[in-house]
Protein chains: 2
Amino acid sequence: MSQTRVSIKDIARAAGVSHTTVSRALHDNPLISEKTRARIQDLAREMGYIPDAVAQSLQTRRTGTIGLVVTSIADPFFSDLIEGAEAVAATSGMSIFISASHNDPEREIEVVETFHRRRVDGIIVAASRLSNRYTTRLEHIRVPVVLVNQQAEEEQTLFYSVAVDECQGARLAVEHLLDLGHRRVGYLGLGNRLRSNQQRLEGYREALTWAGIQTPDAWTVIAPLDVVQQEGDVAAGQLFFPQLLDGGISAVFCYNDRVAIGSLMACRALNLAVPQACSLVGFDDIELAHYVTPKLTTIRQPRREMGELAMQMVLDLLDEKPVENQKLVPVLVQRESTGRHKEEGL
Amino acid sequence: MSQTRVSIKDIARAAGVSHTTVSRALHDNPLISEKTRARIQDLAREMGYIPDAVAQSLQTRRTGTIGLVVTSIADPFFSDLIEGAEAVAATSGMSIFISASHNDPEREIEVVETFHRRRVDGIIVAASRLSNRYTTRLEHIRVPVVLVNQQAEEEQTLFYSVAVDECQGARLAVEHLLDLGHRRVGYLGLGNRLRSNQQRLEGYREALTWAGIQTPDAWTVIAPLDVVQQEGDVAAGQLFFPQLLDGGISAVFCYNDRVAIGSLMACRALNLAVPQACSLVGFDDIELAHYVTPKLTTIRQPRREMGELAMQMVLDLLDEKPVENQKLVPVLVQRESTGRHKEEGL
DNA sequence: TTGTAAGCGTTATCAG
DNA sequence: CTGATAACGCTTACAA
């Protein structure tokens, strides 16, 4: 009907009161008579009034929105995280903006600035590569920022954080393999995951060192940044697993489940039985891990919970509640891709 | 430094001009001297000015945002779609809101209304269940709405649409099985996908009828709404595949890849070889389909493209370009889960 | 070329 | 209890 939206002034005119009164009536302000409140609310409904969030935001300095930056939306890791974050945002009537950085720091900071320009109430960045190089561009940001599994090589201290203990996860994986009798354990990493690759590598080395085992260079292969970026994680696993095999390993801890699946494909191509000829451990526990043959043993990362946690942190910050950085402990999920090591002699 | 953000008035004061001049300078308005333009722009940069998108929106009646509603963010189908939509939105400097309806029509309409309240410039709804029952609540929405694969049983005519030809996809699947020599082909559907389940069932029946084959009731099983909602698609496949088997089929067209994977699991549990004992065709071509054993034959649905297309439609509508509803044709991707039917006699 | 003033739709501050 | 009036930060006639 009406070409234009109805505003509180329109209602005021129709009701013969001031727009101030209408605003109050609509907000159940106690300073208003029960009668007019009801009358105005009915009228508003009849007239199809919908408050203008933009105008409200201008006045209240709150938009009720949160910006969420991930490297890739379609990556199951992040889509789970987003879903968790969205779910808790929704319970508070908050809406979320989503944007993908594609692992490009420049793009990432652009997105953050866009969100800031849109006056979001808070920002969550997953796998952030924002390092201290960018602090000058970021320190003027006056809304809460929470980083999830941040990837910058130096620790970012300007912001809050939620992170999984990557190092501990890697140790769990390697210790599991050691428990199964493996001694020659390799690591297949990804060169485009700066920080977490470093940490998982570290955990891998620690676990072996603690067991009194040296780690020759031939036991660790890191797929170079550009091929991962180009071909994806699975292909990287598939491509570089053979190199590791030449190193003489009997088991491999893979950077994540996708790399492990790539390795699985490589094994199949080489006619190597998993886990009989080679044990494989992944990281993340994405859905794929359940449906592949053999089912993947992996380190579970609570993706959804991390999204929920990060969002809850932002909301608490907005309520001026105190919050603490979170370090989550991943757990081992044993399935079929790992088995007891059989000595060559047998 | 400054506790508060810098506005064009602050810049105006610092530059000794009116805020109007600043606004013009920042927008490269030709009505301004080259000199002051440069001076103001430098000053703005120095002072760390960031335009307030909220205030701009209030004035210009454009927010530069698009609302996107999906049933589930973590579902690879939708996350791909979102990624496509986000990518084209980003090229136009648009930001997107994302929200999940969890397949609940009431929640879906709430989200749409929230977006509308936030003055988004356009709305995309995937797998919408908005039927004509809701038109009264929706007809006052004055922004472009594009539905992707809408699921309401009656066709929704109020809005624009992008959809895959489900019926044709189903026919392709069944014809493929017929070509392989199968005659007793079953359909394993999902009761919570109102429209697309109906259409795929229809395509299934058509293909068989055209081949002169009757379709006894025992050949089609539809997993009931509540168990699918509760347990998920894979479990539904796993649970109901055996029923179909009892119907005596030699091949099954599954509602989607997840159902097919569930069926695969069921086969494995029953020690039935795929495709030797039973051929399986899925729908969608999600990533999982590649990595499962045997790799799934499926009907590819161009998910990312559908997101891109829908977003492009919204943008065109905003530019007042004419647009047409899109009906996409899915294609068969033959992999390993289907094979030639061996007559029982052999 | 620049400035003044009005207005976008709200909420908030005061008087009545 | 209610209503003027002034903000919020910006764009855009209309004047100078």
Side-chain angles (χ1 to χ4, degrees), chain A residues 2-41 43-44 47-65 116-121 140 142-143, chain B residues 2-41 43-44 47-65 116-121 140 142-143:
Chain A
S2 61
Q3 211 44 258
T4 171
R5 335 178 73 107
V6 356
S7 74
I8 58 173
K9 287 193 184 167
D10 297 327
I11 302 176
R13 206 170 308 123
V17 298
S18 79
H19 72 277
T20 311
T21 302
V22 175
S23 172
R24 282 199 272 251
L26 261 22
H27 285 269
D28 290 328
N29 186 312
L31 298 178
I32 211 102
S33 83
E34 181 52 47
K35 231 182 77 187
T36 48
R37 189 230 306 298
R39 187 165 61 95
I40 304 270
Q41 289 191 349
L43 193 55
M47 297 176 67
Y49 170 72
I50 294 175
D52 185 324
V54 172
Q56 284 175 321
S57 303
L58 187 59
Q59 176 62 258
T60 61
R61 329 281 302 137
R62 277 282 188 114
T63 54
T65 61
H116 192 224
R117 187 169 54 79
R118 294 200 184 281
R119 298 302 185 251
V120 296
D121 295 336
H140 64 275
R142 312 219 89 80
V143 299
Chain B
S2 60
Q3 210 46 258
T4 170
R5 332 181 74 109
V6 357
S7 75
I8 57 173
K9 285 191 186 166
D10 298 326
I11 301 177
R13 206 170 309 123
V17 298
S18 78
H19 72 277
T20 311
T21 304
V22 175
S23 171
R24 282 198 271 250
L26 261 22
H27 285 271
D28 291 327
N29 186 311
L31 298 179
I32 212 104
S33 85
E34 181 52 46
K35 231 181 77 187
T36 50
R37 187 229 308 297
R39 186 165 63 95
I40 305 270
Q41 290 191 348
L43 193 56
M47 298 177 66
Y49 171 71
I50 295 175
D52 185 324
V54 172
Q56 284 176 321
S57 303
L58 187 58
Q59 175 64 254
T60 61
R61 331 282 300 137
R62 277 284 189 111
T63 54
T65 61
H116 191 222
R117 187 168 54 77
R118 293 201 184 282
R119 299 301 186 252
V120 296
D121 295 336
H140 64 274
R142 311 219 92 77
V143 299

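What you see is a predicted model; the values in this text were computed from it and never measured. What's counted below: heavy atoms across the whole structure, side chains too, no hydrogens, waters or symmetry copies.
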Residue closer to the 5' end of DNA chain C, Arg119(B) versus Thr20(B) (nearest nucleotide): Thr20(B)
Phosphate-side-chain proximity, Thr21(A) and dG3(D), N/O vs OP1/OP2 below 4.0 Å: yes
Given DNA chain D, 5'-ward residue of the pair Arg24(B) and Pro51(B), judged by closest heavy atom: Pro51(B)
From CA spacing to verdict: side-chain hydrogen bond (donor to acceptor under 3.5 Å, both in side chains), Ser23(A), Thr20(A): CA-CA 5 Å; Ser23(A) 172; Thr20(A) 311; over 6 Å; no
Sugar-phosphate, base or nothing in reach of Val17(B), heavy atoms under 4.0 Å: sugar-phosphate
CA sep, side-chain torsions, deciding dist, call: Gln41(A), Leu26(A), side chain to side chain contact (heavy atoms under 4.5 Å, CB included): CA-CA 6 Å; Gln41(A) 289 191 349; Leu26(A) 261 22; 4.2 Å; yes
Distance test, side-chain N/O of Thr36(B) to OP1/OP2 of dT2(C), below 4.0 Å: yes
Separation of atom CG in Leu26(B) from atom P in dC10(D), rounded to whole Å: 9 Å
N/O (side chain, Gln56(B)) to phosphate O (OP1/OP2, dC10(D)) under 4.0 Å: no
Intermediate values then yes/no, side chain to side chain contact (heavy atoms under 4.5 Å, CB included), Val17(B) and Arg39(B): CA-CA 11 Å; Val17(B) 298; Arg39(B) 186 165 63 95; 3.9 Å; yes
Touch class at under 4.0 angstrom, heavy-atom based, for Ile32(A) against every strand present: sugar-phosphate
Rounded distance (Å) that lies between atom P of dC10(D) and atom OH of Tyr49(B): 4 Å
Separation of dT11(C) P from Ile11(A) CD1 (nearest whole Å): 11 Å
d(NE2, His27(B); C1', dG9(D)) in whole Å: 11 Å
Close side-chain approach of Thr63(A) and Arg118(A), heavy atoms under 4.5 Å: no
Protein-nucleotide distance (Ile40(B), atom CD1; dT1(C), atom P), rounded to Å: 15 Å
Worked verdict on His116(A) versus Ile50(B) for side chain to side chain contact (heavy atoms under 4.5 Å, CB included): CA-CA 8 Å; His116(A) 192 224; Ile50(B) 295 175; 3.5 Å; yes
Sugar-phosphate only, base, or nothing, as touched by Leu31(B) at under 4.0 Å among non-hydrogen atoms: base
Gap between atoms NZ and P, on Lys9(A) and dA6(C) respectively (whole Å): 13 Å
Interatomic distance where CZ belongs to Arg118(A) and C1' belongs to dC10(D) [whole Å]: 15 Å
Distance-only donor-acceptor test, Gln59(A) side-chain atoms vs dT10(C) base atoms, 3.5 Å: yes
Phosphate contact (dG9(C) OP1 or OP2) by Ser7(A) side-chain N/O below 4.0 Å: no
Of Leu58(B) and Ser33(B), the one whose closest DNA chain C nucleotide lies more 5': Ser33(B)
Quiz item: His19(B) side-chain donor-acceptor pair to dT11(D) base, under 3.5 Å: yes
Minimum-distance nucleotide to Arg61(A) side chain [options: dG3(C), dA5(C), dG9(D)]: dG9(D)
For atom CZ of Arg62(A) and atom P of dC8(D), their distance in whole Å: 19 Å
Any Ser23(A) side-chain N or O less than 4.0 Å from OP1/OP2 of dT11(C): yes
Touch class at under 4.0 angstrom, heavy-atom based, for Ser57(A) against every strand present: nothing
Over all atoms of both residues, closest heavy-atom pair of Val6(B) and Ile11(B): CG2-CG1, 4.1 Å
